[in-house]
Amino acid sequence: AMLDALEQSATGRVVEYDPAGGAVRVVATGLSFANGIVLSEDERAVLVSESARYRVWKIDVAANALDLARPTAQASIVLDHLPGYPDNLTRGANGRIWLGLAGPRNELDAMAEHPFLRSMVLRVPRVLWKAPPSRGHVLAFTESGAVVTDLQDASGKSAAMAPLTTGATEMGERLYIHSIGSGQLGWLTMPQK
């Protein structure tokens, strides 16, 4: 993931697979570390998290090999300049879409416009790379991009909101928190909103 963020290669894409006929169709290209995907309520679009550029797209499922170099009528940015790396997307109740932020933004931002610096960092042994701060962070938003819930644990020590939070699943009165490497399933009582 870190290499993809550094390279900013934008080789990610959204593809549609028809299991009945075995056909594959490219819906969109040009994503920098495409990570999470969820279908819109009307099933006419997909929402896709783009981790290395800190944003979430809404893309028309009828698009055909759409280049996401910039927003168009068939693709728009729903959330932008997120405070961390957006990861998995899951649908919740009342139109909510849950998003995990797998670590806060860091020094990579300063190198965004400097490919030479990024290439130099890639030569540094990984054991010398600075570890991201421990922080748990999930949020819920609507398809129009309004954030309706923002849950954070800045300490990274909560049993429910483990560091490297990758998503959340809403079930009944509980919100189950996904994470990498925590060794346990965290959960919270659903926020009332």
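Keep in mind that the numbers below use all heavy atoms, side chains included, and drop hydrogens, waters and symmetry copies. Owing to the predicted nature of the structure, the values given are computational and were not obtained by experimental measurement.
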Suppose we screen for side-chain hydrogen bond (donor to acceptor under 3.5 Å, both in side chains). Which residues come up paired with [X], at least two apart in sequence or across chains?
X     : result
Asp87 : Asn35
Ser40 : Asp42
Glu16 : Arg25
Arg55 : Glu50

[X] versus [Y], closest heavy-atom pair with distance:
X      : Y      : result
Gly100 : Val138 : CA-CG1, 4.0 Å
Leu89  : Gly36  : CD1-O, 3.7 Å
Ile59  : Ala75  : CG1-CB, 4.2 Å
Ala34  : Val48  : CB-CG1, 4.2 Å

Results of side-chain contact (heavy atoms from CB on, under 4.5 Å) for Ala93 - residues two or more places apart only
Arg96, Glu170
For Leu188, what residues pass the side-chain contact (heavy atoms from CB on, under 4.5 Å) criterion, not counting sequence neighbours?
Leu151, Ala160, Met161, Ile177
Using a 4.5 Å cut-off on heavy atoms from C-beta on, say whether the side chain of Glu143 contacts that of Arg91.
yes
Given [options], the one that forms side-chain contact (heavy atoms from CB on, under 4.5 Å) with [X]:
X     : options             : value
Trp57 : Val78, Ile37, Leu68 : Leu68
Arg13 : Leu66, Val27, Thr29 : Thr29
Leu99 : Val38, Val56, Leu47 : Val56

If you round to the nearest 0.5 Å, how far is [atom2] of [Y] from [atom1] of [X]?
X      : Y      : atom1 : atom2 : value
Leu139 : Asp150 : CG    : CG    : 5.5 Å
Glu173 : Thr189 : CD    : OG1   : 8.0 Å
Phe141 : Trp98  : CZ    : CH2   : 11.0 Å
Tyr54  : Ser32  : OH    : OG    : 9.5 Å
Met190 : Thr149 : CE    : OG1   : 6.5 Å
Asn88  : Ser179 : CG    : OG    : 11.0 Å

Do the side chains of Leu31 and Val26 join up, straight or via other hydrophobic residues, at under 4.5 Å, putting them in one cluster?
no
Derivation and outcome, side-chain contact (heavy atoms from CB on, under 4.5 Å), residues Ile77 and Lys58:
CA-CA 6 Å; Ile77 297 170; Lys58 187 173 187 179; over 6 Å; no
Just checking, any donor-acceptor pair under 3.5 angstrom between side chains of Thr169 and His178?
yes
For Met171 and Tyr176: C-alpha separation, side-chain torsions, deciding distance, then whether side-chain contact (heavy atoms from CB on, under 4.5 Å) applies.
CA-CA 8 Å; Met171 294 192 70; Tyr176 291 93; 4.1 Å; yes
When you measure from the side chain of Ser51 to the backbone N and O of Pro86, does any donor-acceptor pair fall under 3.5 Å?
yes
So, does Thr165 use its side chain to make a donor-acceptor pair with the main chain of Gly167 at under 3.5 Å?
no
